[in-house]
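Since this is a predicted model, take the numbers as computed values, not measurements.
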Amino acid sequence: MADPIPPNAILSATQISVAFGGTPLLDQGTLAILEGERVGLVGRNGCGKSTFLKIAAGVIAPDSGQITQKRGLLCGYLPQEFELENDASVHDAVLRGAAAVQALLHEYEHAPADSSRASELLERIEQLDGWTLESRAKSLLTNLHAPDPHRIVGSLSGGEKRRVALCRALIARPDLLVLDEPTNHLDTESIQWLEDFLARYQGTCLFVTHDRYFLDRVSNRIVEIANGSFFSFPGNYTDFLISQAERESISEQAEHRRQKFLKSELEWVRRAPSARRTKSVDRVERYFETAAQKPTEKTGDVELILPPAPSLGNRVISLKNVTYELDGRPLIANLTLDIPGKTRIGVVGRNGIGKSTLLRLITGEIQPTRGTVECGARTELNLIDQHRLQIDPNKTVWEEVGEGRETVRIGNEDLSLRGYLRRFLFTEDRITQNIGQLSGGERSRVLLAKILKRGGNVLLMDEPTNDLDLSTLRMLEEALVLFEGTLIVVSHDRYFLNRICTHMLAFEGDGRVVFDAGNFEDYLAHKEKKDAELRALEARYASAKKPIPEPQKVKRSAKLSYKEERELEGIESKILEAEDEVKRIEGLFESPDFYAKHGNEALILQHELEAKRLEIPVLYARWEELEQRRSGAQPA
């Protein structure tokens, strides 16, 4: 008998079952989502996470079982594969997410003012904060760095459309938010804003994400889907991992006791039947029942191993004075960088700032506006592109990855194709499944398996974590940490960047690219320190940025004080020092190896240059005033 539904449940699923492509995903699963909860849904790709989100959002119905919703429930839904009206403006596409609220507003405007219905409508509109739709749309588009509201949806890129779809899901402030991978194609700043938004959100949220920091900071309950059932864990993702480790420890102890029991009973069971006729039949049955039990499968118990990287030469990739302009705007300006061997470089920055462009420059797909990009003679590139290669939905996993072969070359050895695919968590039944019947995450694993088998000693990865489940992500991280070639990866997944990166390449705007040692957290710490130094510089030279004061008129008899005499004696040397400093910094910026030697100091040097340029006319004005007073002349 199913557990009773809590009275504060906003949505409940009772003994629901769903099968897809002949594969059972949910099997008599029961789950209640309570008001105000932020539930993170986890589980391996293909376990039914996205399917349950569709059920919760009312898009599809389960094959059997019952779904119960709170009366009048308003739901906002962001699916992985969404549709927007191509002929609509961004502004209109976002507002269509609040169609139910707009309908309430329309009905209220036409209802008799003294009717009970008008009173009901007003209460519901105020509950949904329906009077602020326009200001909320503007705020969402700004904070999620969505395209200009006047642009037409059909002209947008895939990432831009996804941000518009997220705005549309959020704008109505629904009772229930259902979000499938909401952080995909968002930059770090937007992800942090979304975390804060959901932390303050008064409604209920059910979501799936591969971003572990997001999952940890937003969720207050984790629900795992495994073997067709729901398993609930209070707390955030860290609490879930601790609980999972404890469960696996208990399972290991139980398995140890099982093996010990089998070992002790094995000799007796092997005796001839005549030797155990007098023994208890129950004892025999208990042995075979215990022997038939399977040990609990551990999470991530399959190891993903990349093909070993061929040896790199002394030069891997060299960029010299590289500038790339788009519509007259520099995405990359005067970048000089020698990429070291055996490093794992994370590329970060806001969307549209030039990160994917850098990978295309390295592969030679596009050419720089100025400068050169050169690869070493022994450099072998392997690109996993953000837009992904096409895979045939009508082929099986075996056919698509094998490409007519039954083995995969791993270093100097041939590995069976089945063994290779098992490393990507494909079971026997999924290996022979058509790709069109797989989940989005499973299709991502097919593509990874297909591309990574090509090998190479420099992996270029553009958003490789999108659509991967958490267990696959952990496997991929372990494989990349052990990879002995060079890795250049564009990603907004902060946990992933902290886990694998040895260096960061940060796009900070206006074509400025900073190369920094350490992982993402190290880069943020260094950037915060530089920003503090800049604020101190700005405060120091605040007076220099003010308009040059008019020299005060003084009487002919006014004489310089002792302090002013000393100031006049030293002011000329101060002017020369300031002018020399301007020349020095300008010379640094003009040098071809500026970004290689001073990339981390570029912003500070720019501020120092501006401050010195402003300081010089102030010094000249003061020098002129003091000289005129000393000579007895009336200042002009």
Side-chain angles (χ1 to χ4, degrees), residues 10 33-42 53 74-78 94 97-98 127-130 132-147 149 159-160 162-222 234-240 348-353 465-466 470 491-498 506 508-509 520-521 523-525 527-528 531-532:
I10 195 171
I33 308 295
L34 309 184
E35 288 187 8
E37 282 194 311
R38 295 185 295 277
V39 180
L41 198 61
V42 301
L53 293 190
L74 182 62
C75 180
Y77 177 44
L78 174 70
V94 171
Q127 182 184 4
L128 297 171
D129 199 15
T132 62
L133 285 180
E134 286 292 341
S135 62
R136 277 151 52 189
K138 182 178 180 181
S139 175
L140 286 168
L141 289 168
T142 299
N143 287 298
L144 292 174
H145 300 143
E160 289 174 325
R162 186 160 186 85
R163 294 197 292 279
V164 172
L166 178 56
C167 292
R168 184 167 71 172
L170 298 177
I171 188 167
R173 293 186 181 169
D175 306 306
L176 175 63
L177 263 177
V178 180
L179 306 174
D180 200 345
E181 295 290 0
T183 64
N184 276 4
H185 302 292
L186 293 188
D187 54 49
T188 304
E189 185 179 337
S190 298
I191 293 172
Q192 291 173 340
W193 179 87
L194 184 58
E195 287 175 353
D196 294 337
F197 176 89
L198 292 177
R200 299 189 308 269
Y201 187 63
Q202 294 182 353
T204 303
C205 185
L206 173 67
F207 63 96
V208 171
T209 182
H210 67 272
D211 188 320
R212 284 151 290 185
Y213 282 155
F214 185 90
L215 192 59
D216 212 31
R217 292 168 181 169
V218 173
S219 61
N220 54 25
R221 177 155 70 115
I222 300 293
N236 61 14
Y237 185 60
T238 298
D239 297 324
F240 164 73
V348 296
R350 291 177 60 175
N351 289 317
I353 205 168
T465 65
N466 283 354
L470 299 175
S491 179
H492 296 304
D493 189 323
R494 297 157 291 175
Y495 190 100
F496 181 78
L497 293 170
N498 284 332
E508 295 186 343
F520 183 64
E521 291 293 338
Y523 161 71
L524 290 181
K527 186 175 186 300
E528 185 177 346
D531 290 344

Checking salt bridge (Lys or Arg N to Asp or Glu O under 4.0 Å) for the pair D216/R212: CA distance, chi angles, key distance, verdict? CA-CA 6 Å; D216 212 31; R212 284 151 290 185; over 6 Å; no
So, taking the atom named [atom1] in [X] and the one named [atom2] in [Y], what distance separates them when rounded to the nearest 0.5 Å?
X    : Y    : atom1 : atom2 : value
R200 : L198 : CZ    : CG    : 9.0 Å
C75  : I10  : SG    : CD1   : 9.0 Å
Y77  : L179 : OH    : CG    : 10.0 Å
L133 : K138 : CG    : NZ    : 15.0 Å

With side-chain contact (heavy atoms from CB on, under 4.5 Å) as the test, would you mind laying out the steps for N351 and H145 before giving the verdict? CA-CA 8 Å; N351 289 317; H145 300 143; 5.9 Å; no
Within a strict 4.5 Å, meaning less than it, do heavy atoms of the [X] and [Y] side chains meet?
X    : Y    : result
E195 : I191 : yes
T188 : F520 : yes
V218 : C205 : no
L215 : D211 : no
R173 : L128 : no

If you compare all heavy atoms of [X] against all heavy atoms of [Y], which two are closest, and at what distance to 0.1 Å?
X    : Y    : value
R38  : Y201 : NH1-O, 4.5 Å
D239 : P234 : CB-O, 3.9 Å
I33  : R221 : CA-NH2, 3.9 Å
A165 : L78  : CB-CD1, 3.6 Å
L170 : P174 : O-CD, 4.3 Å
L470 : T209 : CD2-O, 4.2 Å

Mark yes or no for whether [X], through its side chain, and [Y], through its backbone, hold a donor-acceptor pair below 3.5 Å.
X    : Y    : answer
T204 : G36  : yes
R136 : I171 : yes
D175 : L74  : yes
R163 : H185 : yes

Applying side-chain contact (heavy atoms from CB on, under 4.5 Å) to N236 and R217, what does each step give before you reach the verdict? CA-CA 7 Å; N236 61 14; R217 292 168 181 169; over 6 Å; no
Tested for side chain to side chain contact (heavy atoms under 4.5 Å, CB included) against F214, the lone hit among Y495, Y237, F207 is F207
Apply side-chain contact (heavy atoms from CB on, under 4.5 Å) to the pair H492 and T183, showing each step before the final yes or no. CA-CA 9 Å; H492 296 304; T183 64; over 6 Å; no
